Amino acid sequence: GQQLNQSPQSMFIQEGEDVSMNCTSSSIFNTWLWYKQDPGEGPVLLIALYKAGELTSNGRLTAQFGITRKDSFLNISASIPSDVGIYFCAGRSSDYKLSFGAGTTVTVRA
Amino acid sequence: ETGVTQTPRHLVMGMTNKKSLKCEQHLGHNAMYWYKQSAKKPLELMFVYSLEERVENNSVPSRFSPECPNSSHLFLHLHTLQPEDSALYLCASRDPGTQGPLHFGNGTRLTVT
């Protein structure tokens, strides 16, 4: 798969804050996916994006498929304690190969 | 209940043991995957089966041996593993040939002693 750069690697957030993370690639993707993984569990799909420029929301989560098709971001609004976990981006190229970022670990500051 | 079920959830094995990981999906998908997840690293694709045929093998050592007897079941047979093989092993499924996302199981946490 392609190399995806996901940032930040980790973040501490204050309850109620809005936070943002992003993924960039040197290659074009046809699909961007955002997953969340809780401790001891597998990744769960949050948002799927299929079209450049697409902006999709899922509750307090919003993700966008970058217009260049080489990047995507995920926003979490009004963060709550259960938002802790590891967030992964994944991009699928035209040959259907899926590449994953290394994850953003989110911890809520008490 | 997740549509993809993995057993066991935890496994501790010695380097000379032989064990198997099992995955079962109830989503009607035709493609199944094995991934290895190590801390702070991207998910590493190991094997892909589509319609029970292995279509991808990402240079995985032969001490890992997959088996897909039907489109709902996937196994990963393990033998003479090394301590560096300790990781979370994730199974996933999807509809091949579409843009549909992967659906993951909860993984097997493997520790090789």
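Per chain, numbering begins at 1; letters A, B, ... match sequence-line order. Computed from a predicted structure; not experimentally measured.
If you measure heavy-atom distances from B:E44 to chain A, you find no contacts under 4.5 Å at all. Heavy-atom distances place the side chain of A:Q37, and not its backbone, under 4.5 Å from chain B. With a 4.5 Å cut-off on non-hydrogen atoms, B:L43 touches chain A through its backbone and its side chain both. Of the atoms belonging to B:L102, heavy atoms from both backbone and side chain fall under 4.5 Å from chain A. Of the two parts of A:T105, only the side chain, counted from C-beta on, holds a non-hydrogen atom closer than 4.5 Å to a non-hydrogen atom of chain B. Only the backbone of B:K41 comes within less than 4.5 Å of a heavy atom in chain A; its side chain stays farther off.
Of residues 63-75 of chain B, no residue lies under 4.5 Å from chain A by any heavy-atom pair. Proximity to chain B at a heavy-atom threshold of 4.5 Å picks out A:E41, A:G42, A:P43, A:L45, A:Y50 from residues 41-50 of chain A, in numerical order.
We find the CG-OG distance between A:N30 and A:S93 to be 7.5 Å, quoted to the nearest 0.5 Å.
A donor and an acceptor atom, one from each side chain of A:R60 and A:N75, are nowhere located under 3.5 Å apart. Looking only at atom types and distance, the side chain of B:H77 has a donor-acceptor partner in the side chain of B:S20 under 3.5 Å away. Side-chain atoms of B:S86 and B:T111 include no donor-acceptor pair closer than 3.5 Å.
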Would B:Y33 and B:F104 count as a ring pair (Phe, Tyr, Trp, His ring centres under 6.0 Å) if you check the C-alpha gap in whole Å, the side-chain angles of each, and the deciding distance to 0.1 Å?
CA-CA 9 Å; B:Y33 300 69; B:F104 287 91; 8.5 Å; no
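A:Q64 places no side-chain N or O within donor-acceptor distance of the main-chain N or O of A:F73, the cut-off being under 3.5 Å. At distances below 3.5 Å, not a single donor-acceptor pair connects side-chain atoms of B:E24 with backbone N or O atoms of B:V4. In this structure a side-chain-to-backbone donor-acceptor pair under 3.5 Å is present from A:T104 to A:P8.
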